[in-house]
Asker: 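My questions will all concern the structure given below.
Order of appearance sets the numbers: ligands from 1, and atoms from 1 within every ligand. Counting from 1, the numbers follow the sequence of the chain as shown. Here the structure is a predicted model, which means the values were calculated and not measured. Hydrogens, waters and symmetry mates play no part in the numbers below; they use all other heavy atoms, side chains included.
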Amino acid sequence: MATAVGIRTVNHWINGRTTPSKSGRHGIVWNPATGEPQAHVDFASVEDVDHAIAVAKKAFPAWRATTLSRRSEILFKFRELVDANRRNIAEMLTMEHGKTLADAMGEVARGLENVEFACGIPNLLKSGFTEQASRGIDVYQIRQTLGVVAGITPFNFPAMVPLWMFPNAIACGNTFVLKPSEKDPSPTLFLAELLHKAGLPDGVFNVLQGDRVAVDRLLEHSDVKAISFVGSTPIAKYIYETGTRNGKRVQALGGAKNHMLVLPDADINMAADAAVSAGYGSAGERCMAISVVVAVGNVADELIDAIKQRIPKVKVGPGLEEGNEMGPLISREHRDKVASYNDIAQKEGAKIAVDGRQDPVSKRDGFFLGATLLDNVKPGMRCYEDEIFGPVLSVARVHTYEQALHMINENPYGNGVAIFTRDGGAARQFQFDVDAGMVGINVPIPVPMAYYSFGGWKASLFGDLHMYGPEGVQFYTRAKVVTSRWPDPSTSSVDLGFPQVR
Ligand code: NAD
């Protein structure tokens with residue numbers, strides 16, 4: 001791979017310190033706002049992965065035995081450090097991902113909520129106790145930690161998605177190996193330093209930079225007990241199938257195609273504001289971005305006009321420049337792929353209502369692309385079927401609520417979905433009918449709070465348990481049920497029958 005001289009290298013974090021790779025392989029971290037390389041990132045070898053896992057395994061017994069109060073105290077300190085460094089983290093995110101600073105600050109804030117949730121671990125691990133289940137016998141359940149667990153995360157939320165995983169995982173007493181996206185690897189290294197400063201023992205949290213080599217080794221290593229993955233659907237499926245085949249517990253969150261159903265009675269201005277914000281925010285590179293507006297009945301023309309009026313007002317430019325609302329895409333290849341959908345859509349019979357390629361920003365250095373609006377999009381077209389993951393909003397026109405629901409439920413993905421209406425009954429019916437994991441009612445991006453759990457349905461999630469919140473705690477622990485009797489000679493006898501309680 002071509003290398004640029006004189007730029008920094010992003011290393012691994014193993015056993016409480018930055019650790020250079022022994023592999024000799026690396027990738028380039030680009031600055032999406034300029035199109036220039038800004039760093040090298042180490043790519044782990046199998047030996048690097050084995051080293052990180054061995055370190056995490058060694059740290060496990062002592063960490064597991066650490067009291068809940070102490071674990072919680074470290075997380076509280078970590079929470080304070082992240083809070084004090086919000087801006088630093090956000091700037092790192094913007095530099096490597098490209099999103100605007102305001103958006104990056106939002107990412108840090110939503111990530112922090114998961115640390116706050118994990119601070120309550122003593123309360124979260126309380127279980128049930130049954131006294132006198134049989135004569136002199138008590139039964140109770142405890143939730144115990146798994147061991148070494150791994151997280152593999154995508155480029156689009158380089159801080160928040162890791163924060164969905166490791167606070168709960170380590171709070172539960174596991175040790176953790178994180179493989180962040182190679183496209184924007186620095187924020188997690190900084191989070192590792194903050195954990196260290198907060199007093200986390202060495203080896204409890206480790207970061208391995210890298211590509212498929214690292215992922216495959218994590219998937220096959222017998223000392224890794226569970227894998228949390230977030231990324232695209234083909235890779236999520238691969239992770240789930242390979243990890244479970246190797247006997248691991250796996251939760252693998254995949255891609256999305258989120259619909260926003262707009263009923264004829266909706267407030268048009270509110271719906272248009274929401275469609276523009278949720279369609280083009282973070283340049284459409286959010287797994288909860290709205291990518292299809294399903295306009296019911298006669299609402300379409302008015303809604304499209306309202307969206308078209310708003311698009312020229314969206315300020316696109318480098319994320320670090322004050323006032324910009326949308327930054328560049330993650331890479332040149334991705335920008336070009338997203339832009340290619342306009343021609344494909346037109347050939348397939350959709351109408352380009354606004355062509356982002358014509359926006360002067362698309363000619364700038366850096367991986368910029370203006371906002372595109374496609375009209376008359378239908379199932380079967382590639383712009384409908386594919387997760388484009390860029391600033392492209394499609395409008396599908398249907399006559400009835402039933403047709404809209406059918407379209408949404410037939411779609412292979414089921415991450416987020418939203419309905420815009422003034423009719424409470426219709427919204428309630430939609431919540432009942434729709435096949436998706438997260439539903440917004442007049443809310444376009446319904447990301448659950450940290451005390452619920454995040455996860456889609458269908459091809460948006462492989463596995464059973466959603467991420468973070470109560471289901472996160474469940475994922476990172478396993479149940480043990482204890483049936484106990486303390487010596488009472490009066491109840492002792494030989495009995496070859498199966499234990500009964502009455
Ligand atoms: P990606 O699937 O390309 O990469 C995710 C991770 O998998 C990265 O760490 C990457 O290094 C690794 N990876 C990539 N190819 C691999 C391979 N062949 N074998 C093993 N590992 C591999 O995803 P991305 O482009 O980084 O992120 C965007 C995708 O993530 C979108 O599809 C988006 O919808 C999805 N996403 C989903 C959620 C969710 O909660 N469902 C959240 C954020 C992002």
Asker: So, Asp216 versus Tyr238: side-chain donor-acceptor pair below 3.5 Å or not?
Answerer: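 Note: Asp216 and Tyr238 side chains meet the donor-acceptor criterion.
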
Asker: Give a yes/no on ligand 1: does Gly254 have at least one heavy atom closer than 4.0 angstrom to it?
Answerer: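 Yes, that is the case, since the closest heavy atom of the residue is under 4.0 Å from the ligand.
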
Asker: Could you tell me whether Asp216 and ligand 1 have an N or O pair separated by under 3.5 Å?
Answerer: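 No, Asp216 has no N/O under 3.5 Å of an N/O on ligand 1.
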
Asker: Within the side chain of Glu182, is there an N or O that forms a donor-acceptor pair under 3.5 Å with the backbone of Val41?
Answerer: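 Absent.
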
Asker: Check each atom of ligand 1 against the heavy atoms of Val230 and keep those under 4.0 Å away; list them by number with element.
Answerer: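 In order of numbering, the contacting atoms are 5 (C), 36 (N), 37 (C), 38 (C), 39 (C), 40 (O), 42 (C), 43 (C), 44 (C).
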
Asker: Atom 17 (C) of ligand 1: which of Thr233, Asp211, Ile235, Leu218 has the nearest heavy atom?
Answerer: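 Answer by nearest heavy atom: Ile235.
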
Asker: Using a distance-only test with no angle check, is there a side-chain donor-acceptor pair under 3.5 angstrom linking Asn15 and Asn206?
Answerer: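 No, no side-chain donor-acceptor contact under 3.5 Å.
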
Asker: Quick one: look up the protein heavy atom nearest atom 42 (C) of ligand 1 and list residue, atom name and how far away it is.
Answerer: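 Here the closest protein heavy atom is Cys287 SG, 2.9 Å.
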
Asker: For atom 2 (O) of ligand 1, what's the nearest protein heavy-atom neighbour? Residue, atom name and distance, please.
Answerer: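 Answer, as residue, atom name and distance: Ser232 OG, 2.6 Å.
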
Asker: Between Ser21 and Gln209, is any pair of side-chain heavy atoms under 4.5 Å apart?
Answerer: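 Heavy-atom side-chain distance check fails, nothing below 4.5 Å.
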
Asker: Which is closest to atom 24 (P) of ligand 1 in terms of heavy atoms, Phe155, Tyr238, Trp164?
Answerer: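 The residue whose heavy atom sits nearest atom 24 (P) of ligand 1 is Phe155.
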
Asker: Check the side chains of Asp48 and Ser45 for a donor-acceptor pair under 3.5 angstrom, ignoring hydrogens and angles.
Answerer: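 Yes, because at least one side-chain N or O of Ser45 sits under 3.5 Å from a partner of the opposite role on Asp48.
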
Asker: Please identify which atoms of ligand 1 are closer than 4.0 Å to at least one heavy atom of Phe454.
Answerer: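 What qualifies from ligand 1 is 39 (C), 40 (O).
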
Asker: Assess whether side chain to side chain donor-acceptor pair (under 3.5 Å) is satisfied between Asn258 and Ser291, documenting all intermediate values.
Answerer: CA-CA 6 Å; Asn258 304 313; Ser291 60; over 6 Å; no

Asker: With atom 35 (C) of ligand 1 as the reference point, say which of Gly231, Gly27, Pro158 has the nearest heavy atom.
Answerer: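 Residue with the shortest heavy-atom distance to the ligand atom: Gly231.
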
Asker: Using a 4.0 Å cutoff against the non-hydrogen atoms of Glu182, which atoms of ligand 1 qualify?
Answerer: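 Matching atoms, with element in brackets: 10 (C), 11 (O).
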
Asker: Does any part of the side chain of Ser186, heavy atoms only, come nearer than 4.5 Å to the side chain of Arg8, both counted from C-beta?
Answerer: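 Side chain of Arg8 against side chain of Ser186, heavy atoms only: contact under 4.5 Å found.
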
Asker: Quick check: Asn156 and ligand 1, any N/O pair under 3.5 Å apart?
Answerer: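 No - when backbone and side-chain N and O of Asn156 are compared with those of ligand 1, no distance drops under 3.5 Å.
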
Asker: What is the closest protein heavy atom to atom 28 (C) of ligand 1, and at what distance does it sit?
Answerer: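 Going by distance alone, atom 28 (C) of ligand 1 is nearest to Phe389 CE2, 3.6 Å.
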
Asker: How close does the nearest protein non-hydrogen atom get to atom 7 (O) of ligand 1, and which residue and atom is it?
Answerer: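 Checked against all protein heavy atoms, atom 7 (O) of ligand 1 sits closest to Phe229 CE1, 3.4 Å.
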
Asker: Check whether any side-chain heavy atom of Glu36 sits under 4.5 Å from a side-chain heavy atom of Trp30, and report yes or no.
Answerer: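 Not in contact.
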
Asker: What is the nearest protein non-hydrogen atom to atom 19 (N) of ligand 1, stated with its residue, atom name and distance?
Answerer: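 Checking every protein heavy atom, the shortest distance to atom 19 (N) of ligand 1 gives Arg212 CG, 3.4 Å.
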
Asker: With backbone taken as N, CA, C and O and side chain as the heavy atoms from C-beta onward, which portion of Met467 lies under 4.0 Å from ligand 1: side chain, backbone, both, or neither?
Answerer: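 Neither; nothing of Met467 gets under 4.0 Å from ligand 1.
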
Asker: Numbering the atoms of ligand 1 from 1, which are under 4.0 Å from a heavy atom of Val215?
Answerer: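 Near Val215, meaning under 4.0 Å from one of its heavy atoms, ligand 1 has 20 (C), 21 (N).
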
Asker: Any Lys/Arg nitrogen of Arg110 or Glu107 sitting under 4.0 Å from an Asp/Glu carboxylate oxygen of the other?
Answerer: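 Answer for the salt bridge query: no.
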
Asker: Would you please indicate yes or no on a ring centroid separation below 6.0 angstrom for Phe367 and His334?
Answerer: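 No, they do not, as the ring centres are separated by 6.0 Å or more.
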
Asker: Applying ring pair (Phe, Tyr, Trp, His ring centres under 6.0 Å) between Trp164 and each of Phe117, Tyr468, Tyr476, report the one that passes.
Answerer: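 The single option meeting the ring pair (Phe, Tyr, Trp, His ring centres under 6.0 Å) with Trp164 is Tyr468.
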
Asker: Looking only at protein heavy atoms, which one is nearest to atom 8 (C) of ligand 1, and how far off is it?
Answerer: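 The closest one turns out to be Thr153 O, 3.3 Å.
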
Asker: Could you pull out, from Arg286, Glu387, Lys183, Gln209, the option with a heavy atom nearest to atom 34 (O) of ligand 1?
Answerer: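 Of the listed residues, Glu387 has the closest heavy atom.
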
Asker: Give me the residue, atom name and distance of the protein heavy atom closest to atom 27 (O) of ligand 1.
Answerer: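 That would be Pro154 CB, 3.2 Å.
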
Asker: Atoms of ligand 1 less than 4.0 Å from Ile152 heavy atoms?
Answerer: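 The list of qualifying atoms is 6 (C), 7 (O), 9 (O).
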
Asker: Do Arg212 and Phe43 form a cation-pi contact, if we require the NZ or CZ to be under 6.0 Å from the six-membered ring centre and within 45 degrees of the ring's axis?
Answerer: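 Checked: cation-pi criterion not met.
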
